[in-house]
Amino acid sequence: MTKTVLITGASRGLGAALAKVLAPTHHVIAVGKTVGALEELDDAIQATGGQATLAPMDITVDEAMQQLCRGIFDRWGSLDLWLHTAVHAAPLAPAGHIGPKDLAKSMTINIEATARLIAYVSPLLGQTGKAVFFDDPRGGAQFFGAYGATKAGQIALAKSWQAEAVKTGPKVQILTPRPMPTATRARFYPGEDRNALTHPNTEAARLLPLIVE
């Protein structure tokens, strides 16, 4: 029976790259807001003989996430793997000048939506599934107040779940990817030499053995 993987934030960057490397062994359930990017991902997966279910949704819409998880249960009964790569990168700003809307959006996507997804996905993973989160430790760095604080909050949620699930499952894993030339990073370092960074496809291949172990 083909294994299943839910990837939230699958339309671009590391999420899309992980979808492609997992497609030979997993049916990919790809969640993202950009329909065109998801369709390109689907084409790439099908070209290698894999299969994907596209879910063009916003993870902050609670009803959509409930419907998605119910649909997964109705079709497959469970999930083998969940990779959470969705994140909001607020503009860099001094701590005293963070825009209220930027902070609110960061909290909604990076913390609140993650907390709800943990509640909805955990029953699908059961005792034997695995959830994987991806750290980007910038808490306390200059001008990273909104992103750093909310990304740290997301990882704090994952660490708490990890500790709570040691005996009962699912397994919760936190990985730290190498710097990649993603759209998120480009917002932080617009003048950076992107050729010096690790391509998402290369990084996905490096992380794959850790994810499926």
Side-chain angles (χ1 to χ4, degrees), residues 3-69 71-72 75-76 79-91 102 105-106 108-114 116-118 120-121 124 131-136 147 150-151 154 158 175 177-190 194 197-208 211:
K3 293 184 177 180
T4 52
V5 55
L6 169 66
I7 304 180
T8 39
S11 56
R12 294 190 178 92
L14 184 61
L18 287 168
K20 287 182 279 190
V21 297
L22 283 162
T25 55
H26 292 70
H27 183 100
V28 177
I29 304 157
V31 177
K33 291 194 296 184
T34 308
V35 175
L38 288 177
E39 290 175 343
E40 290 177 7
L41 174 63
D42 188 36
D43 290 342
I45 289 173
Q46 289 192 41
T48 59
Q51 290 187 325
T53 296
L54 305 184
M57 297 178 176
D58 184 337
I59 64 168
T60 66
V61 179
D62 195 31
E63 295 81 2
M65 293 302 98
Q66 289 180 351
Q67 182 179 3
L68 172 69
C69 291
I72 292 171
R75 182 170 176 181
W76 291 286
L79 267 177
D80 294 290
L81 187 59
W82 171 36
L83 310 182
H84 187 48
T85 64
V87 71
H88 174 64
D102 290 328
K105 187 173 182 179
S106 298
T108 298
I109 296 174
N110 299 344
I111 298 179
E112 294 172 11
T114 300
R116 287 197 299 270
L117 280 166
I118 289 172
Y120 298 154
V121 176
L124 294 170
V132 186
F133 296 83
F134 300 90
D135 198 4
D136 187 7
Y147 176 76
T150 55
K151 183 62 179 177
Q154 180 189 86
L175 300 174
R178 293 169 178 167
M180 296 170 288
T182 61
T184 296
R185 187 175 177 88
R187 294 188 67 180
F188 297 149
Y189 305 105
R194 294 168 70 82
L197 304 175
T198 303
H199 193 279
N201 291 343
T202 303
E203 187 61 3
R206 183 185 76 86
L207 296 174
L208 180 62
I211 291 170

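These values consider heavy atoms only, across backbone and side chains, with no hydrogens, waters or symmetry-generated copies. Because the structure is a prediction, the values reported are computed rather than measured.
- Rounding to the nearest 0.5 angstrom, the gap separating the NE2 atom in His88 from the CD1 atom in Ile59 is 11.5 Å.
- Looking at Glu203, its side chain does come within 3.5 Å of a backbone N or O of Arg178 through a donor-acceptor pair.
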For side chain to side chain contact (heavy atoms under 4.5 Å, CB included), just list the numbers for Arg185 and Met180, CA-CA rounded to whole Å, side-chain angles, deciding distance to a tenth of an Å, and then say yes or no. CA-CA 7 Å; Arg185 187 175 177 88; Met180 296 170 288; 5.9 Å; no

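- Counting only heavy atoms from C-beta outward, the side chains of Leu6 and Leu68 approach each other to under 4.5 Å.
- Counted within 6.0 Å of CD on Gln67, heavy atoms from surrounding residues, nucleotides or ligands total 12 or fewer; the atom is thus considered open.
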Start with the C-alpha distance between Arg75 and Thr53, add both sets of side-chain angles, then the distance that settles side chain to side chain contact (heavy atoms under 4.5 Å, CB included), and finish with yes or no. CA-CA 11 Å; Arg75 182 170 176 181; Thr53 296; 3.2 Å; yes

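- Considering all non-hydrogen atoms of both residues, Ala89 and Tyr147 come closest at CA-CD1, 3.9 Å.
- Side chains of Ser11 and Leu41 form no contact here, defined as non-hydrogen atoms less than 4.5 Å apart.
- Between Val87 and Lys151, some side-chain heavy-atom pair lies under the 4.5 Å cut-off.
- Only one option out of Thr184, Val31, Thr182, Ile7 pairs with Thr85 in a side-chain contact (heavy atoms from CB on, under 4.5 Å); it is Ile7.
- How far CD1 of Ile118 is from CZ of Phe133: 4.0 Å, rounded to the nearest 0.5 Å.
- Note that NE2 of His26 and CG of Leu81 are 5.0 Å apart. Values are rounded to the nearest 0.5 Å.
- Residues Leu175 and Ile211 are in side-chain contact: their nearest non-hydrogen atoms beyond the backbone lie under 4.5 Å apart.
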For the pair Leu117 and Trp82, evaluate side chain to side chain contact (heavy atoms under 4.5 Å, CB included) and give the outcome as yes or no after the intermediate values. CA-CA 10 Å; Leu117 280 166; Trp82 171 36; 3.7 Å; yes

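- Asp80 places a side-chain N or O within 3.5 Å of a backbone atom of Thr4 that can act as its donor or acceptor partner.
- Under the 30°/60° scheme for interplanar angles, the aromatic rings of His27 and Trp76 are found to be tilted.
- At a threshold of 4.5 Å between non-hydrogen side-chain atoms, the residues Glu112 and Thr60 do not count as touching.
- In this structure, the separation between CG on Asp43 and OG1 on Thr48 is 11.0 Å, given to the nearest 0.5 Å.
- Side-chain atoms of Glu39 and Leu54, non-hydrogen and from C-beta on, do get closer than 4.5 Å to each other.
- The CD atom of Gln51 sits 9.5 Å away from the CG atom of Asp42 when rounded to the nearest 0.5 Å.
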Does the pair Val121 and His84 meet the rule for a side chain to side chain contact (heavy atoms under 4.5 Å, CB included), with working shown? CA-CA 11 Å; Val121 176; His84 187 48; over 6 Å; no

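- Annotation: side chain of Leu79 is in contact with side chain of Ile29 (closest heavy-atom distance under 4.5 Å).
- Here the closest non-hydrogen pair linking Ala17 and Pro200 is CB-O, 3.4 Å.
- Without hydrogens or angle criteria, Arg116 side chain to Asp62 main chain gives no donor-acceptor distance under 3.5 Å.
- Heavy-atom minimum distance, Ala23 versus Ile45: CB-CG2, 3.7 Å.
- Heavy atoms only, all atoms of each residue included: Ala64 and Met57 are closest at O-SD, 3.7 Å.
- Across Ala19 and Val28, no two heavy atoms sit closer than the pair O-CG2, 3.6 Å.
- The NZ atom of Lys33 sits 5.0 Å away from atom CG of Asp58, with the distance rounded to the nearest 0.5 Å.
- The shortest side-chain heavy-atom distance between Phe134 and Val132 falls under the 4.5 Å cut-off.
- Under a 3.5 Å cut-off, the side chain of Arg194 and the backbone N or O of Pro181 do form a donor-acceptor pair.
- Residues Leu208 and Leu22 approach most closely at CD1-CD2, 3.5 Å, considering heavy atoms.
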